[in-house]
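In what follows, a structure is listed as structure tokens, so that the remarks can point back to it.
If you read the sequence from its start, that first residue is 1, and numbering goes on from there. Fair warning: this is a prediction, and the values are worked out from it, not measured in the lab.
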Amino acid sequence: LKSRKFLSLLIIIVAVIVCIIGAMSFMIPSWVSYNEYYKAAKEEIENQKYINSLPLELVGISAELAQGVEFFDNGKASPIAEDFDVMAHFTEKGQARDEMLMAGDYSIAVPADFTENGGTVTVSYSWTSPNAEEGAEPVVKTAEVPVTLTHVALEKLTVTEDPYRVYYSNAMEFDKEGISVTAVYNDGSSVPLKDDDISIKTEGKLTAGATSATIAYDDGESEITADIPVTVVPEAKYNDGTILSIDPEGEVYLAE
């Protein structure tokens, strides 16, 4: 009888211990998980408070030549502020933001020999925080833009006046007389050419059906060509036509 009572008591004790261990095995991980969550949430709140306390700051600027801006070795290279795109980089409350600056917001420093050699242009931007104390020194940020001068080169020929003759038979050679041509360079400059400056690439008798003849100009560094529209017919079909009248250009005045 005593053995049965002892066994029953032992079973009850073991059951209680098992229940306690089971409860603890559930509660302890939950408590640990909750404690870690609470700790992380508290740290996040503190971190957010710190981020919200961060002031507006200028962290730097970046600069580059504006699209389409190019400088040439023609002795005229002289950069101005409008030739550059400048971006100011700010941070506030942990967030980064950029602001495009106007030409009047920054200054540039150009090397003394830039016209001849190009070089590095230094862009400077001075900024004062709206929350700065009176008399506080402004923050100055700089950026460097290396600039290489582009060599002036012949780009194209522009025919401003066709030659006197544009109609030929296949027994004739191309004649450039009367033509007016302008040489255009990559820096936008142009030079009117004389008749002697132009050479003819289409040599010999023209071919029936040809629609163009080629001229060329060599400035000593490079040669460039241009096509002149022509009409070429077989000799048997060629007809220069008949002059019916001649009209003077402009007004005609008779002096007493």
Side-chain angles (χ1 to χ4, degrees), residues 64-80 82-85 103 114-119 145-256:
E64 61 183 3
L65 281 176
Q67 186 174 6
V69 174
E70 192 173 7
F71 297 99
F72 298 87
D73 59 355
N74 54 7
K76 300 178 182 179
S78 181
I80 58 176
E82 286 82 355
D83 292 328
F84 298 86
D85 285 337
F114 185 90
T115 301
E116 294 78 24
N117 304 312
V145 184
V147 180
T148 301
L149 300 183
T150 301
H151 182 59
V152 176
L154 189 59
E155 188 172 69
K156 64 179 180 178
L157 295 180
T158 299
V159 179
T160 54
E161 290 285 346
D162 284 337
Y164 296 141
R165 179 179 291 277
V166 292
Y167 178 65
Y168 295 87
S169 77
N170 61 348
M172 304 169 70
E173 296 183 358
F174 176 73
D175 185 358
K176 65 179 180 178
E177 185 180 0
I179 196 171
S180 294
V181 180
T182 299
V184 180
Y185 288 81
N186 58 353
D187 66 343
S189 62
S190 60
V191 177
L193 303 179
K194 299 177 181 178
D195 189 72
D196 292 342
D197 297 325
I198 302 167
S199 62
I200 298 175
K201 287 293 185 180
T202 304
E203 298 178 343
K205 294 181 179 180
L206 297 171
T207 303
T211 58
S212 66
T214 303
I215 60 169
Y217 169 63
D218 190 332
D219 67 351
E221 286 191 353
S222 61
E223 183 183 71
I224 196 165
T225 61
D227 289 335
I228 310 301
V230 296
T231 300
V232 184
V233 298
E235 186 177 12
K237 294 184 178 181
Y238 180 79
N239 186 341
D240 246 340
T242 302
I243 296 177
L244 300 178
S245 65
I246 297 177
D247 296 324
E249 287 189 359
E251 299 291 336
V252 178
Y253 297 93
L254 178 64
E256 184 179 342

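With a 4.5 Å cut-off on side-chain heavy atoms, Val232 and Thr207 do not count as touching. Between Tyr164 and Asp175 the shortest side-chain heavy-atom distance does not fall below 4.5 Å. Considering only heavy atoms from C-beta on, Pro163 comes within 4.5 Å of Ile228 through its side chain. Residues Asp227 and Thr214 meet the side-chain proximity criterion, which asks for heavy atoms closer than 4.5 Å. For the pair Val230 and Tyr167, the minimum side-chain heavy-atom distance is 4.5 Å or more.
Closest of all the heavy-atom pairs between Pro79 and Phe84 is CB-CE1, 4.0 Å. Of all heavy-atom pairs spanning Ala66 and Asp85, the tightest one is CA-OD2, 3.6 Å. The shortest heavy-atom contact between Val145 and Leu65 is CG1-N, 4.2 Å. Scanning both residues, Ala77 and Leu149, for their nearest heavy atoms gives CB-CD2, 3.9 Å. In terms of heavy atoms, Ala183 sits closest to Leu154 at CB-CD1, 3.7 Å. Annotation for Val181 and Thr160: closest pair N-OG1, 4.1 Å, computed over non-hydrogen atoms.
Counting non-hydrogen atoms of other residues, nucleotides and ligands closer than 6.0 Å to NZ of Lys205 gives a total of 12 or fewer.
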| task | Report the C-alpha separation of Thr231 and Val166 in whole Å, then their side-chain angles, then the decisive distance to 0.1 Å, and conclude whether the side-chain contact (heavy atoms from CB on, under 4.5 Å) test is met. | result | CA-CA 6 Å; Thr231 300; Val166 292; over 6 Å; no
| message | Between Leu157 and Thr225, is the side-chain contact (heavy atoms from CB on, under 4.5 Å) condition met? List the steps. | response | CA-CA 7 Å; Leu157 295 180; Thr225 61; 5.8 Å; no
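Counting only residues at least two apart or in different chains, salt bridge (charged side-chain N to carboxylate O under 4.0 Å, His left out) contacts with residues 234-256 comprise Arg165-Asp240. Listed by first then second residue, pairs satisfying ring-ring contact (aromatic ring centres under 6.0 Å, His included) with a partner in residues 183-236 number zero, not counting sequence neighbours.
Taken from OG1 in Thr115 to CG in Asp73, the straight-line distance is 11.0 Å, to the nearest 0.5 Å. Distance check: Ser180 OG to Ile198 CD1 gives 8.0 Å after rounding to the nearest 0.5 Å. From His151, atom NE2 reaches atom CG of Asn186 across 8.5 Å, with rounding to the nearest 0.5 Å. With rounding to the nearest 0.5 Å, the separation of CD in Glu155 from OG in Ser190 is 11.5 Å. Within the model, atoms CD of Glu177 and CG of Asp195 stand 7.5 Å from one another, a figure rounded to the nearest 0.5 Å. In this structure, Lys76 NZ and Asp187 CG are separated by 6.5 Å, a value rounded to the nearest 0.5 Å.
Contacts of Asp218 classified as side-chain hydrogen bond (donor to acceptor under 3.5 Å, both in side chains), with partners at least two apart in sequence or in another chain: none.
Using the six-membered ring where Trp is involved, Phe71 and Phe114 have ring planes that are perpendicular, over 60° apart on the 30 and 60° scheme.
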